[in-house]
Amino acid sequence: MNKIKTRFPPSPTGHLHLGGARTALFNWLFARHHGGLFVLRFEDTDRERSRQEYVDSIREALEWLGLYWDEGPYFQSQRLEIYREYARRLYEEGKAYYCECSPDELERKRKEALAAGRKPKYDGTCREKDLPPGPGRVLRLKIPPVGTTVVEDLIRGAVAFDHQELDDFILVRSDGTPTYQFAVVVDDLTMGITHVIRGDDHLSNTPKQILLYKALGAEPPKFAHVPMILGPDGTRLSKRHGALSILAYREEGYLPQALRNYLVRLGWSYGDQEIFTLEEMIEKFDLSRVSKSAARFDPEKFLALNAHWLRATPTEELAEEIKPFITKLGLPIPEKEYLLQALETVKPRARTLLEAAEMMRFYLVEEISYDPKAAQKFLTPEIVPVFERLLQELAKVEFEDEALEKLFRGLAEELGLKLKKIAQPVRVALTGKTVSPGLFEIMRILGRDRVLKRLKQALNYIKEA
RNA sequence: GUCCCCGUCGUCUAGCCAGGUCCAGGACACCGGCCUUUCACGCCGGCAACGUGGGUUCAAAUCCCGCCGGGGACGCCA
């Protein structure tokens with residue numbers, strides 16, 4: 001039994017987006033599940049549009065997602081000799097022929113056919129001309145005119161295509177570079193790829209590729225066409241649907257484990273299970289549970305999953321991840337123990353690292369500023385005596401959650417007030433907002449000095465107002 | 001236009017292959033409630049779907065056909 005080998009072949013003409021990331025994940029998972037190999041290959045035969053910048057960002061995104069490759073990255077632009085050799089073979093064996101039709105002419109015929117309601121396909125003008133190679137000529141594959149090619153898809157079952165629907169597609173461009181259709185086949189063949197897992201937008205290309213394998217006298221790999229990912233509105237995923245690059249999600253404070261978890265459940269399921277660790281995905285992933293229908297990207301569910309993984313990730317780990325976000329907000333990175341404690345309190349409340357960093361703001365600034373509405377409602381003259389009393393008591397109480405709570409509850413009872421009547425003004429004095437983590441935990445973390453200082457600041461504020 | 005694929009709550013999906021246990025289960029979102037110093041978390045409860053028409057059958061979300069709807073391919077892009 002041969003070892004399973006999958007690949008992810010992005011073209012470096014754009015960033016890695018959700019669809020590509022999921023395809024990469026499925027291929028990676030399939031290879032890992034079967035103890036096989038995962039290959040990364042850049043399909044950069046379109047020299048006009050391929051850019052180094054995209055090669056770098058795609059690699060970075062895959063690494064961020066933890067989808068490490070076992071082989072590659074290969075670059076088609078460095079394998080031109082190999083394609084040339086295979087092209088020569090095809091031509092010499094009469095399986096392919098040169099064509100001198102000009103692009104303009106082809107374009108004209110295509111429009112004509114479309115207008116006449118026919119399928120726009122190459123009409124075979126040069127098929128029997130027996131032209132030798134020459135400048136301006138392309139190499140086309142000779143498709144058997146009659147017959148049917150069946151794609152045995154691992155997800156969709158047998159899909160038949162009549163050769164009438166196919167045409168003699170171009171293998172080698174007039175500039176000598178291979179087209180996608182030709183390069184993928186030669187690459188998958190020479191790299192020993194056993195399973196091609198890709199978006200179902202490639203399903204209708206597959207019969208052409210199978211015919212090419214046959215012309216080459218080779219056995220095609222197994223194919224599995226996974227459903228596409230659509231935007232929230234059900235149309236093709238595009239820039240309109242938010243961040244187009246996977247890396248943009250990282251910038252917004254999403255966790256790779258959340259993205260993986262969201263992506264793996266888009267088109268694949270395992271009973272009612274929603275949460276998967278990497279290990280579980282590898283263990284449970286299989287093609288038979290991949291669905292056939294397209295899925296829409298739901299940013300809300302992704303956010304919810306991110307919130308889940310934020311809570312499920314050890315604070316120690318998160319503390320490292322959140323530093324860039326704190327810096328991004330222009331806030332200082334505190335010493336480790338303080339950061340850990342502060343983070344612990346915002347963790348169950350934040351949905352992204354960016355939100356968490358924003359929620360930690362009051363822990364990190366020296367001078368806090370009040371939300372105008374909060375100050376207006378809670379920093380009023382009536383609270384002055386309470387704050388003054390608190391100043392005295394807090395100077396001597398032990399700064400632990402239980403002791404602080406006991407103090408507040410006792411004070412509330414003594415003054416005949418509801419706890420919240422005291423807690424909310426203090427919360428505003430300490431954080432500037434009416435919403436925050438638990439009052440006693442933030443006091444404990446802030447420490448006596450800061451708490452007293454902020455209460456005094458609030459008192460001054462009230463007197464000046 | 002031609003060919004191909006797909007069609008269960010708003011969304012992701014389980015169930016479909018081996019028809020009854022499904023007046024359809026889970027998750028996100030949404031709405032109530034509990035907890036409570038605020039907001040979250042957590043817990044409890046609710047709303048909500050088999051695209052449509054026909055056929056087969058004692059029985060259909062599950063099998064068959066038509067229709068409708070969505071997506072994809074048809075490039076010297078990948």
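By convention in this document, chain letters (A, B, ...) are assigned in the order of the sequence lines, proteins followed by strands, and residues within each chain are numbered from 1.
One finds the CG atom of Leu278(A) at 8.0 Å from the CG atom of Leu67(A) (value rounded to the nearest 0.5 Å). In this structure, Asp286(A) CG and Tyr270(A) OH are separated by 8.5 Å, a value rounded to the nearest 0.5 Å.
Outside the 6.0 Å centre-distance limit, the rings of Trp28(A) and Phe8(A) are not counted as a close aromatic pair. A distance of 6.0 Å or more separates the ring centres of Phe38(A) and Phe30(A).
Between the P atoms of C47(B) and A27(B), the separation comes to 14 Å (whole Å). The P atoms of C9(B) and A48(B) are separated by 14 Å, rounded to the nearest whole Å. Using atom P as the reference point in both A49(B) and U8(B), the two lie 14 Å apart (nearest Å). The P atoms of C63(B) and G20(B) are separated by 11 Å, rounded to the nearest whole Å. A gap of 23 Å separates the P atoms of C4(B) and U62(B), to the nearest Å. Here the separation of U37(B) from C31(B), taken at their P atoms, is 24 Å to the nearest Å. Comparing A14(B) with G26(B), their P atoms sit 15 Å apart, to the nearest whole Å. Of the P atoms belonging to A60(B) and A24(B), the separation is 16 Å, rounded to the nearest Å.
The listed nucleotides are C28(B), A78(B), C39(B); the one nearest the side chain of Asp298(A) is C28(B). When distances are taken from the side chain of Asp167(A) to each of G75(B), G7(B), C12(B), the shortest belongs to G75(B). Each of C28(B), G42(B), C5(B) was ranked by its minimum atom distance to the side chain of Arg311(A); first place goes to G42(B). For Ser204(A), taking side-chain heavy atoms from C-beta onward, the closest of the listed nucleotides A78(B), A73(B), U38(B) is A73(B). When each of C4(B), U38(B), C76(B) is scored by its nearest atom to the side-chain atoms of Leu203(A), the top-ranked nucleotide is C4(B). Distance from the side chain of Arg427(A) is smallest to U38(B) among A78(B), G72(B), U38(B). For Arg110(A), the listed nucleotide lying nearest its side chain is C76(B); candidates were C76(B), G72(B), C12(B). Of all nucleotides listed (U2(B), G25(B), G1(B)), G1(B) comes nearest to the side chain of Leu114(A).
Residue Ser291(A) places none of its side-chain N or O atoms closer than 4.0 Å to OP1 or OP2 of C6(B). Side-chain nitrogen and oxygen atoms of Arg236(A) include at least one within less than 4.0 Å of the OP1 or OP2 phosphate oxygen of G72(B). One finds a side-chain N or O of Arg409(A) lying less than 4.0 angstrom from the OP1 or OP2 phosphate oxygen of U37(B). OP1 or OP2 of A27(B) has not a single side-chain nitrogen or oxygen of Arg265(A) nearer than 4.0 Å. Applying the 4.0 Å criterion to OP1 and OP2 of C16(B), one finds that Arg289(A) has every side-chain N and O outside that range.
A distance-only check finds no donor-acceptor pair linking the side chain of Asp168(A) to the backbone of Arg140(A) [under 3.5 Å].
Within residues 168-178 of chain A, the residues that have a heavy atom under 4.0 Å from RNA chain B are, in order of number, Ile170(A), Arg173(A), Ser174(A). Contacts between residues 345-355 of chain A and RNA chain B, defined by a heavy-atom separation below 4.0 Å, involve Pro348(A), Arg349(A), listed by number.
A salt bridge is defined here as a Lys NZ or Arg NE, NH1 or NH2 lying under 4.0 Å from an Asp or Glu carboxylate O, and Asp188(A) with Arg41(A) meets this definition. Taking a cutoff of 4.0 Å between a charged side-chain nitrogen and a carboxylate oxygen, Arg118(A) and Asp123(A) do not qualify as a salt bridge.
Here His202(A) counts as stacked on A78(B): its ring centre is under 5.5 angstrom from the base ring centre and the planes meet at under 30°.
Judged by distance alone with a 3.5 Å cut-off, no donor-acceptor contact links the side chain of Lys301(A) to the base of A29(B).
Counting heavy atoms of neighbouring residues, nucleotides and ligands inside a 6.0 Å radius, atom CD of Glu48(A) does not exceed 12 of them.
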Quiz item: Would Tyr83(A) and Val172(A) satisfy side-chain contact (heavy atoms from CB on, under 4.5 Å), going step by step from the backbone distance to the final call?
Solution: CA-CA 9 Å; Tyr83(A) 309 124; Val172(A) 180; over 6 Å; no
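The aromatic rings of Tyr254(A) and Tyr249(A) sit perpendicular to each other, their planes meeting at more than 60°, with 30° as the lower class boundary.
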